[in-house]
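Some notes on the structure that comes next.
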Amino acid sequence: MISFEQSIAAAVAKTGTFLEEEVLQLLTVPQETTHGNFSLPCFALAKKLRKAPKIIAETLATEIELPQGISKVEPINGYLNFFIERSFLATSVLTQIEEKGLNYGHASSNNKTVIIDFSSPNIGKELAFHHLRSTMIGNSLSRIYKANGYRVERINHLGDWGTAFGKLIVMYLREGGSLEEEALDQLTVKELNLLYSSFSKISKENPELENEARAAFTKLEEGDSLYRKLWSAFKKATLKELMRIYSMMGVSFDHYIGESFFEDKIPAVLDELREKKLLVKSQELDVVMLNDFDLPPCLIRKSDGSTLYATRDLAAALYRKKEFQFSKCLYVVDLGQSLHFKQVFHVLKKMDYEWYQDMYHIPFGVILQQTEEGKWEKGKTRSGTASLLRDVIEAAKEKILTFINEKNPELENKEEIATQIGISALTFNDLKNRRLMDVKFDWDSALSFDGATGPYVQNAHVRLCSIMRKAAYTAKIEDVSWDTLTDDAAYELIKVLSRKGNNIAKACETDEPSTLAQYALEIAEAAHRFIHQDRVLGSAEEKSRLYLVQATQIVLENVLDLLGLFPIRQM
RNA sequence: GCCUCCAUAGCUCAGUUGGAUAGAGCAACUGCCUUCUAAGCAGUCGGUCGUGCGUUCGAAUCGCGCUGGAGGUACCA
């Protein structure tokens, strides 16, 4: 399928003024609808041709042979504007949707593997509200990359190793926790979370507890059987709750490979670093110096010999490269850790691994909540001001449920739908803006059905489905009379649908789900306008309009899916 | 101190591989429901794109300086 851009470029090139690639590069989509569908600014060549841009555009307009589907060209102020014939655009777009269905706008397989490391919570802690960011950005990116032809490996790099476990073990034993199998099986994350908070409380007055915790971790690393037993019980309890929340959110992983998995792979990494003469002693610990990149040293091993975050990430990177032969590896982790990733990637570079440049940190901003004084603040796990994700989801569901009871009390599966709308609302609120922006979370604006929200977008989908359901038949493309889909509302909607592929590609190139979130809003707005202005059922144009409704529903459903929102059909 | 990120309407943000008169939503105000979910649509009001200089035919967008905010910066992750 040749795109409009390509055929315009070919037609312009034929006049001998521009090269085809130049046109493709310069061609823009004007903001003003009166300026047509595509616009070619002729300023760049003015100097070379020694002619005013205005003249160039005018000459081009008379010389160009209109490609198929372009109804007219118009030179204005040095721009050459192209107008697509409405019925031609309708035919072209809707035929493609008919052929590709949900995959319309997707790229074909490129035989490349991308690894997406996301969510990666710590074992022993409950998922906090801020974990939503990595989880939902990563989830959406996995879907977007897949739609772009990549093979995707979703990895949950669980924080299941480190001094934190020393703390848990110390507290558990101190509080006389049972060592019986059965009791260990019954452990919940909630109880583990409590151990953490009492640890930080008690250690304030008894600082030696910190040393005890460190020692306990060392003992765990050495393989003490009791400690190992406790550790795996803690892990099991946490995973149980994690899986419950992930499945509720519609998130899944291909691999759960925690940090502990790399425990026995670390000596080899240390050997390799030594062999390559990168490991040096500094202030009692082993580091890799990175001054040649203007970076502080990367800490590899503590003075007591135990490992650090960076060490495990190095081991994980080497393992992933070997195991998956990825062409890209993404780490969806908050902005605060950018120095860490920069260091790890540069250590790989110093180890002479060319693929260090295929490693990408995909940073994002934090979730802020407004204080009573109106200041935006970050919730802190330590001070207990951070909300638990499950509580936030539950609260969102309750609020939506109240709304449903008011508006549509007859709805079946109210509870389930309320949960799905609630989670989608939280997700959309997280994804609608660029990753790097902090999310200013506000209940009212996140859960509102008005404006740039999940419920608004879902509602558009629901209304389309509702029309389809009431029609009780499926419109066929053969029955579409293309001339009836040329009024402003239908035309604007079709134009929006035509941009799906470009938006998916852009979202993928920039690792920005927000591109698709904004696009979902555009579809919803155009769809609402269309069904408001052009009555479908019972109208003379019913079959054609119903077909457009069906096509829009398919596009919107897939875009919602790529964002990780639930494309519900009734609400 | 050094490094990174952010600054666009009263509020929350799009727009950033340079293109025409800078766009939405919220809030406020005004219309539109016997008609496919008014959970909607249409309209009014609202701007020194933080600031100065530079590059360019053309800058919210690129470069440099400054201001303000957030984060990171050796034994947490």
Side-chain angles (χ1 to χ4, degrees), chain A residues 25-26 28 30-32 34-35 39-44 46-47 52-53 76-79 81 120 122 159 161-164 167 214 259 282-287 294-304 306-310 312-313 333-340 342 363 365-366 368 376 378 400 403-404 406-408 421 429 432-434 436-440 442 444-445 448-453 455-456 458-460 462-471 489 509-510 514-515 517-518 521-522 524-525 528-533 535-539 542 545-546 549 570-571:
Chain A
Q25 223 186 1
L26 288 170
T28 58
Q31 290 177 2
E32 285 284 321
T34 57
H35 290 147
S39 185
L40 179 67
C42 303
F43 307 93
K47 249 184 204 165
I76 313 173
N77 298 328
Y79 290 87
N81 295 332
S120 307
N122 288 328
W161 208 239
T163 325
K167 294 185 186 178
R214 265 191 285 271
E259 296 189 295
S282 169
Q283 298 177 24
E284 300 285 298
L285 57 160
D286 293 316
V287 305
D294 272 328
L295 292 170
C298 183
L299 311 190
I300 300 294
R301 224 155 64 117
K302 299 193 217 174
S303 43
D304 68 357
S306 56
T307 61
L308 280 148
Y309 182 35
R312 282 168 244 149
D313 264 356
V333 181
D334 71 274
L335 179 62
Q337 295 187 45
S338 47
L339 177 60
H340 162 76
K342 235 184 242 172
V366 297
L368 304 175
W376 290 102
K378 188 177 160 185
I400 298 290
F403 206 84
I404 291 178
E406 206 178 287
K407 292 283 182 181
N408 190 5
I421 298 175
N429 187 65
K432 72 174 171 182
N433 297 137
R434 285 174 310 175
L436 280 169
M437 303 290 278
D438 288 341
V439 174
K440 291 171 180 157
D442 166 64
D444 292 334
S445 52
S448 164
F449 285 80
D450 299 322
T453 67
Y456 173 82
Q458 280 174 314
N459 180 231
V462 163
R463 289 182 68 187
L464 295 170
C465 289
S466 175
I467 294 173
M468 287 160 61
R469 202 167 40 244
K470 295 225 160 109
E509 277 159 28
T510 54
S514 67
T515 303
Q518 298 292 334
L521 285 172
E522 274 181 55
E525 274 163 31
H528 273 137
R529 211 170 296 144
F530 171 66
I531 60 179
H532 182 260
Q533 263 170 46
R535 171 83 201 174
V536 179
L537 302 180
S539 70
E542 178 173 310
R545 288 180 178 170
L546 182 60
V549 164
Q570 254 180 306
M571 65 197 258

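Just so you know, these numbers use all the heavy atoms, side chains as well, and skip hydrogens, waters and symmetry mates. Chain A is the first sequence line, chain B the second, and so forth, proteins listed ahead of strands; every chain is numbered from 1.
Taking atom P on both B:rG23 and B:rG15, the two are 15 Å apart, rounded to the nearest angstrom. With C1' as the reference atom, B:rA24 and B:rG46 are 13 Å apart, rounded to whole Å. Between the C1' atoms of B:rG10 and B:rU21, the separation comes to 24 Å (whole Å). Comparing B:rC66 with B:rU4, their P atoms sit 13 Å apart, to the nearest whole Å. On the P atoms, B:rU34 is 40 Å away from B:rA9, given to the nearest whole Å. Between the P atoms of B:rG25 and B:rG19, the separation comes to 23 Å (whole Å). Between B:rU35 and B:rA28, the two C1' atoms lie 31 Å apart (nearest whole Å). For the C1' atom pair drawn from B:rA77 and B:rA7, the interatomic distance equals 30 Å after rounding to whole Å.
Between A:Ala452 and A:Lys432 the shortest heavy-atom distance is O-NZ, 3.4 Å. Of all non-hydrogen atoms in A:His35 and A:Pro30, the two that sit nearest each other are O-CG, 3.5 Å.
Across the protein-nucleic acid pair, A:Arg529 atom CZ and B:rG25 atom C1' stand 13 Å apart, rounded to whole Å. One atom, CD of A:Gln518, and another, P of B:rA24, lie 13 Å apart when rounded to the nearest Å. Taking atom NZ of A:Lys167 as the reference point, atom P of B:rA77 lies 10 Å away to the nearest angstrom. Distance, A:Gln533 CD to B:rC36 C1': 15 Å, rounded to whole Å. Spacing between atom NE2 of A:His528 and atom P of B:rA38 amounts to 8 Å, rounded to whole angstrom units. Whole-Å rounding puts the A:Leu308 CG to B:rU73 P distance at 13 Å. Distance A:Arg535 CZ to B:rC33 C1': 13 Å, rounded to the nearest Å. Distance CD1 (A:Ile467) to C1' (B:rG40): 11 Å, rounded to an integer number of Å.
In terms of phosphate contacts, A:Arg312 brings a side-chain nitrogen or oxygen within less than 4.0 Å of OP1 or OP2 of B:rA77. Remark: A:Arg463 is not in phosphate contact with B:rA39, judged by side-chain N or O atoms under 4.0 Å from OP1 or OP2. Dashed line: the shortest gap from a side-chain N or O of A:Lys440 to OP1 or OP2 of B:rC13 is under 4.0 Å. For B:rA14, one of the phosphate oxygens OP1 or OP2 lies less than 4.0 angstrom from a side-chain nitrogen or oxygen of A:Arg434. For A:Trp161, no side-chain nitrogen or oxygen approaches OP1 or OP2 of B:rA77 to under 4.0 Å. Between A:Lys302 and the phosphate of B:rC76, there is a side-chain N or O to OP1/OP2 separation shorter than 4.0 Å. One finds no side-chain N or O of A:His532 lying less than 4.0 angstrom from the OP1 or OP2 phosphate oxygen of B:rG40. A close approach under 4.0 Å does not occur between any side-chain nitrogen or oxygen of A:Tyr456 and OP1 or OP2 of B:rC26.
The pairing partner recorded for B:rG40 is B:rC32, the criterion being a Watson-Crick or G-U wobble arrangement whose two distances lie under 3.5 angstrom. Nucleotide B:rA22: unpaired (no Watson-Crick or G-U wobble partner with both distances less than 3.5 Å). With a cut-off of 3.5 Å on both Watson-Crick or G-U wobble distances, the partner of B:rG68 is given as B:rC6. Nucleotide B:rA14 has no partner under the Watson-Crick or G-U criteria, as no pair reaches both atom distances under 3.5 Å. In this structure, B:rC62 and B:rG54 make a Watson-Crick or G-U wobble pair, each of the two defining distances being under 3.5 angstrom. Within the shown strands, nothing qualifies as a pairing partner of B:rC75 under the Watson-Crick or G-U definition with both distances less than 3.5 Å.
The base of B:rA14 has none of its N or O atoms less than 3.5 Å from a complementary donor or acceptor on the side chain of A:Ser514. In the interface, the side chain of A:Ser282 is paired with the base of B:rA74 through a donor and an acceptor atom under 3.5 Å apart. For A:Ser303 against B:rC75, a side-chain-to-base donor-acceptor contact under 3.5 Å is present. For B:rA20, the base has a donor-acceptor partner in the side chain of A:Asn81 [N/O atoms by modelled type, under 3.5 angstrom].
A distance of 6.5 Å separates CG of A:Leu339 from CG of A:Leu295, quoted to the nearest 0.5 Å. The line from CG of A:Leu40 to OG1 of A:Thr28 is 8.0 Å long, rounded to the nearest 0.5 Å. Atom-to-atom distance recorded for A:Gln458:CD and A:Ile400:CD1 is 8.5 Å, nearest 0.5 angstrom. In this structure, A:Leu285 CG and A:Leu308 CG are separated by 7.5 Å, a value rounded to the nearest 0.5 Å. Summarising the geometry, atom OG1 belonging to A:Thr307 is positioned 7.5 Å from atom NZ belonging to A:Lys302; distances are rounded to the nearest 0.5 Å.
By the rule that a glycosidic angle within 90° of 0 means syn, B:rC33 counts as syn.
Between A:Tyr79 and A:Phe43, the angle of the ring planes goes over 60°, which puts this pair in the perpendicular group of the 30/60° scheme.
Stacking of A:His35 onto the six-membered ring of B:rA20 is present: less than 5.5 angstrom between centres, less than 30° between planes. Applying the 5.5 angstrom centroid cut-off and the 30 degree plane-angle cut-off, the aromatic ring of A:Tyr79 is stacked upon the base of B:rA20.
With distances taken from any side-chain atom of A:Leu436 to the nucleotides B:rA20, B:rA39, B:rC5, the minimum falls on B:rC5. The side chain of A:Ile76 sits closest to B:rA20 out of B:rC75, B:rA20, B:rA39. For A:Asn433, taking side-chain heavy atoms from C-beta onward, the closest of the listed nucleotides B:rG19, B:rC13, B:rA24 is B:rC13.
Nearest-nucleotide mapping onto RNA chain B: of A:Trp376 and A:Glu259, the residue sitting toward the 5' end is A:Trp376. Of the residues near RNA chain B, A:Val462 and A:Leu26, the one whose nearest nucleotide (by heavy atom distance) lies more toward the 5' end is A:Leu26.
No hydrogens or angles considered: a donor-acceptor pair under 3.5 Å links the side chains of A:Ser39 and A:Asn81.
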